[in-house]
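Notes follow once the structure below has been shown.
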Amino acid sequence: MTRWIHRHSEFQEFIRADQVIRSQFFTIPVLPSSEPEFAFGITIGKRIGKAVVRNLLRRRIKAWFRQTTLSLAPRIRIILIARREAGSLSWQQLDAELSDVIGRIRQKTHNSTDHAAHP
RNA sequence: CGGGGAAGCUCAGAUGUCUGCGCUACGUAAGCAGUGAGGAAAGUCCGGACACCACAGGGCGGGAUACUUCCUAACGGGAAGCUGCAGCAAUGCAGAGCCAGCUCCACAGAAACAAACCGCCUCUGAUCAGACAUUGCUAUCGCAGUGGAUUUUCUGGGGCAAGGGUGAAAUGGCGGUGUAAGAGACCACCGGUAUCUCCGGUAACGGAGAUAGCCAGGAAUGCCUUAUCCGGUGCAAUGCCAAAUAGGAAAGCUCAGCGCUGCCCGCGCCAGUAUGCUUUCGGGUAGGCAGCAAGAACCCUGCCGUGAGGCAGGGUCCAGAGGAAUAGACAUCAUCCUGCGAGACAGGAUACAGAAUCCGGCUUAUGCGCUUCCCCGGGUU
């Protein structure tokens with residue numbers, strides 16, 4: 001039930017995102033989606049490290065999303081933009097970080113949809 | 001045994017469980033099978049293949065290279081050799097041309113390419129001493145005057161580049177002739193350089209001999225000179241397919257407008273024309289496909305070559321993504337390090353690093369190991 005964002009033009013849409021969640025390691029713009037499934041993409045710039053470091057980080061993030069038992073919010077598109085310190089995360093640290101971030105996203109989107117339903 | 005030198009090679013942790021990914025084949029599908037990073041994939045420093053554009057020929061300009069011969073598709077790469085330097089040696093490092101021109105040579109030093117600080121010699125003048133000769137006086141010793149070989153010091157003019165000291169570097173060495181003093185100015189021998197002849201070598205070059213006083217530096221990773229080579233841009237090349245929107249063309253149907261012009265007149269376009277609708281066509285964007293994985297390929301054997309390498313035969317198929325797969329987690333084992341209570345121990349670590357059109361090199365990064373050959377010193381037989 002997860003769609004990967006690949007296309008460059010779709011990444012460009014997130015520049016104008018209203019909701020942006022920031023943590024120590026990631027910047028995460030959030031956009032609403034007309035599709036029923038959850039969609040996300042990953043952006044890791046060259047400032048994070050060399051190719052080996054960037055590949056490992058991306059694979060761990062993708063592996064985390066495949067294995068996670070948390071229910072992901074539907075009708076939402078996000079991208080994870082890695083910040084400079086993200087390259088030094090261990091698997092355990094990444095697990096805690098992503099769990100925390102996804103919790104914040106669910107809470108925030110839930111509040112906003114409630115607010116829209118009851119003006 | 002110790003020390004040193006050279007050439008080359010293997011692996012790139014292993015197995016299992018769970019959860020997954022790209023590509024390919026089969027299947028309607030669910031699925032299932034196969035396959036999936038490197039020695040440097042890196043830096044992008046050279047050279048090519050391939051693609052498009054440009055191109056009669058020549059010159060100027062620019063870039064690269066630089067002992068010789070060879071290897072190669074090509075190279076700035078490699079092999080073998082030559083010369084010089086370093087090392088006891090094995091070996092290592094370097095390589096066109098400063099009598100074509102220009103420029104530079106810190107500090108020190110007189111001077112860094114043409115000169116003269118000390119110095120040596122000579123001339124003029126002054127000056128110190130003065131053998132000797134001569135004149136006068138005197139009985140003699142001696143005193144005074146004149147000339148004066150020679151000589152001390154100084155000023156100025158001229159000659160020299162042998163010696164001193166400085167420096168990374170100062171114009172070949174030694175002996176003689178010569179000269180006022182000296183100097184390849186000249187002579188013998190030696191060293192170097194150049195030219196010529198002979199011999200060896202494809203050549204760089206080496207050996208022998210003769211001739212020439214020729215011997216007045218260094219730096220071309222200074223400008224430069226000489227020789228050779230080089231068109232430009234790059235797979236985001238390039239080719240094909242091709243939505244939506246806007247504009248173009250044509251056909252069919254539809255109907256009387258459209259522009260100058262806000263209004264009227266007038267004029268222009270114009271009768272199957274303007275407008276509208278539908279369809280088709282071509283250009284072309286997003287997007288898709290190809291380029292794109294069987295080649296200067298790899299492995300084995302034989303032959304040729306000192307070698308780089310070449311030839312022949314046999315065998316193998318070995319990643320193909322495109323915001324980019326090749327993974328994540330957990331166990332057990334292996335290797336290494338540290339610690340001590342010394343072993344079925346504990347803790348930690350397991351490098352450098354990720355294909356992007358493809359090859360040949362170079363350079364740099366990097367973990368544990370292994371092999372062969374050579375030199376020097378010591379010991380034993």
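Proteins get letters first, then strands, A, B, ... in listed order; numbering begins at 1 in each. Note that the structure is predicted; figures quoted are calculated from it, not measured.
- Rounded to whole angstrom, the span from the CG atom of A:L57 across to the C1' atom of B:G328 amounts to 13 Å.
- The gap from the P atom of B:U103 to that of B:C189 amounts to 43 Å, rounded to the nearest Å.
- Here the separation of B:U166 from B:C117, taken at their C1' atoms, is 12 Å to the nearest Å.
- You'll find the side chain of A:I105 reaches within 4.5 Å of the side chain of A:I102, heavy atoms only.
- Under the Watson-Crick and G-U wobble criteria, each requiring two contacts below 3.5 Å, nucleotide B:A355 is left unpaired.
- The closest donor-acceptor contact from the side chain of A:R54 to the backbone of A:I48 lies at 3.5 Å or more, if one exists at all.
- Nucleotide B:G61 is shown with an anti base, its glycosidic torsion being more than 90° from 0.
- A:R7 has its CZ atom 7 Å from the C1' atom of B:G287, to the nearest Å.
- Pairing of B:G8, defined by two Watson-Crick or G-U wobble distances under 3.5 Å, is identified with B:C370.
- Legend: salt bridge (Lys or Arg N to Asp or Glu O under 4.0 Å) pairs involving residues 77-90 of chain A, not counting sequence neighbours, sorted by first then second residue: A:E10-A:R77, A:E13-A:R77.
- Between B:A250 and B:C241, the two P atoms lie 25 Å apart (nearest whole Å).
- Against the 90° criterion about 0, the sugar-base torsion of B:C375 places it in the anti range.
- Legend: residues meeting ring pair (Phe, Tyr, Trp, His ring centres under 6.0 Å) with A:F40, ordered by chain and number and at least two apart, are A:W4, A:F65.
- For the C1' atoms, the distance from B:G291 to B:C235 is 8 Å, rounded to whole Å.
- Scored by the side-chain hydrogen bond (donor to acceptor under 3.5 Å, both in side chains) test, A:S90 finds A:Q93 as partners (sequence neighbours excluded).
- Shown here are the side chain to side chain contact (heavy atoms under 4.5 Å, CB included) partners of A:A17, two or more places apart in sequence or in another chain: A:P29, A:L31.
- With a cut-off of 3.5 Å on both pairing distances, the Watson-Crick or G-U wobble partner of B:U332 is B:A14.
- Across all strands shown, B:C311 forms a Watson-Crick or G-U wobble pair, both distances under 3.5 Å, with B:G302.
- Nucleotides B:A30 and B:U35 place their P atoms 23 Å apart, quoted to the nearest Å.
- With sequence neighbours excluded, no residue forms a side-chain hydrogen bond (donor to acceptor under 3.5 Å, both in side chains) with A:R22.
- The stretch residues 24-31 of chain A has no heavy atom under 4.0 Å from RNA chain B, so no residue of it qualifies as close.
- Taking a pair to require two hydrogen-bonding distances under 3.5 Å in either a Watson-Crick or a G-U wobble arrangement, B:C104 pairs with B:G218.
- We find that CZ of A:R60 is positioned 16 Å from P of B:A325, with the value rounded to whole Å.
- Rounded to whole Å, the distance from CG on A:L80 to C1' on B:G323 is 14 Å.
- B:A37 has its base syn relative to the sugar, with a glycosidic angle deviating from 0 by at most 90°.
- Using Watson-Crick or G-U wobble geometry with both donor-acceptor distances under 3.5 Å, B:A204 finds no partner in any strand shown.
- Of the P atoms belonging to B:A236 and B:G322, the separation is 14 Å, rounded to the nearest Å.
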Any protein N or O atoms within reach of nucleotides 14-21 of chain B? Criterion: under 3.5 Å, listing atom names and distances.
{"from": "B:G20", "atom 1": "O2'", "to": "A:R66", "atom 2": "NE", "distance (Å)": "2.5"}
{"from": "B:G20", "atom 1": "O2'", "to": "A:R66", "atom 2": "NH1", "distance (Å)": "3.2"}

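- Going from atom CG of A:L94 over to atom C1' of B:A327 covers 14 Å, rounded to whole Å.
- Side-chain contact check for A:F26 versus A:I61: some heavy-atom pair is nearer than 4.5 Å.
- Nearest approach of A:I79 to A:F11, heavy atoms of both residues: CG2-CE2, 3.8 Å.
- Between B:G354 and A:R58, no contact under 4.0 Å exists linking OP1 or OP2 to a side-chain N or O.
- A glycosidic torsion no more than 90° from 0 defines the syn conformation, and B:G343 adopts it.
- Across the C1' atoms, B:U69 and B:A356 are found 42 Å apart, a figure rounded to whole Å.
- When Watson-Crick and G-U wobble pairs are counted only if both distances are under 3.5 Å, B:C264 pairs with no nucleotide at all.
- The distance between atom CZ of A:R59 and atom P of B:G323, rounded to the nearest whole Å, is 16 Å.
- Within the 4.5 Å cutoff, the side chain of A:R58 has heavy atoms near those of the A:N55 side chain.
- When rounded to the nearest whole Å, the span between CG of A:N55 and C1' of B:A321 equals 12 Å.
- A 3.5 Å limit on both hydrogen-bonding distances identifies B:A66 as the Watson-Crick or G-U partner of B:U226.
- Toward the 5' end of RNA chain B, the nearer of the two residues A:W91 and A:W4, judged by each one's closest nucleotide, is A:W4.
- Base contact: A:T43 has a heavy atom under 4.0 Å from a base atom.
- Listed by chain and number, the residues in a side-chain hydrogen bond (donor to acceptor under 3.5 Å, both in side chains) with A:T27 amount to none (sequence neighbours excluded).
- Partners of A:D95 under the side chain to side chain contact (heavy atoms under 4.5 Å, CB included) rule, at least two apart in sequence or in another chain, are A:W64, A:S99.
- Between B:A41 and B:G354, the distance separating the two C1' atoms is 7 Å to the nearest Å.
- Proximity of A:Q92 to the phosphate of B:G328: no side-chain N or O atom is located under 4.0 Å from OP1 or OP2.
- For A:Q92, the side-chain hydrogen bond (donor to acceptor under 3.5 Å, both in side chains) criterion is met by no residue, not counting sequence neighbours.
- Going from atom CD1 of A:I42 over to atom C1' of B:A325 covers 13 Å, rounded to whole Å.
- Two residues are said to be in side-chain contact when any heavy atoms from C-beta on lie closer than 4.5 Å; A:L80 and A:T43 fail this criterion.
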Give every pair of a protein N or O atom and an N or O atom of nucleotides 347-353 of chain B that lie under 3.5 Å apart, one pair per line with the distance.
{"from": "B:A353", "atom 1": "OP1", "to": "A:K50", "atom 2": "NZ", "distance (Å)": "3.2"}

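- Every residue two or more places apart in sequence or in another chain was checked for a ring pair (Phe, Tyr, Trp, His ring centres under 6.0 Å) with A:W91, and none qualifies.
- Classified by its glycosidic torsion, B:G184 falls in the syn category, the angle being within 90° of 0.
- With B:G328, B:G323, B:A355 as the candidates, the nucleotide lying closest to the side chain of A:F11 is B:G323.
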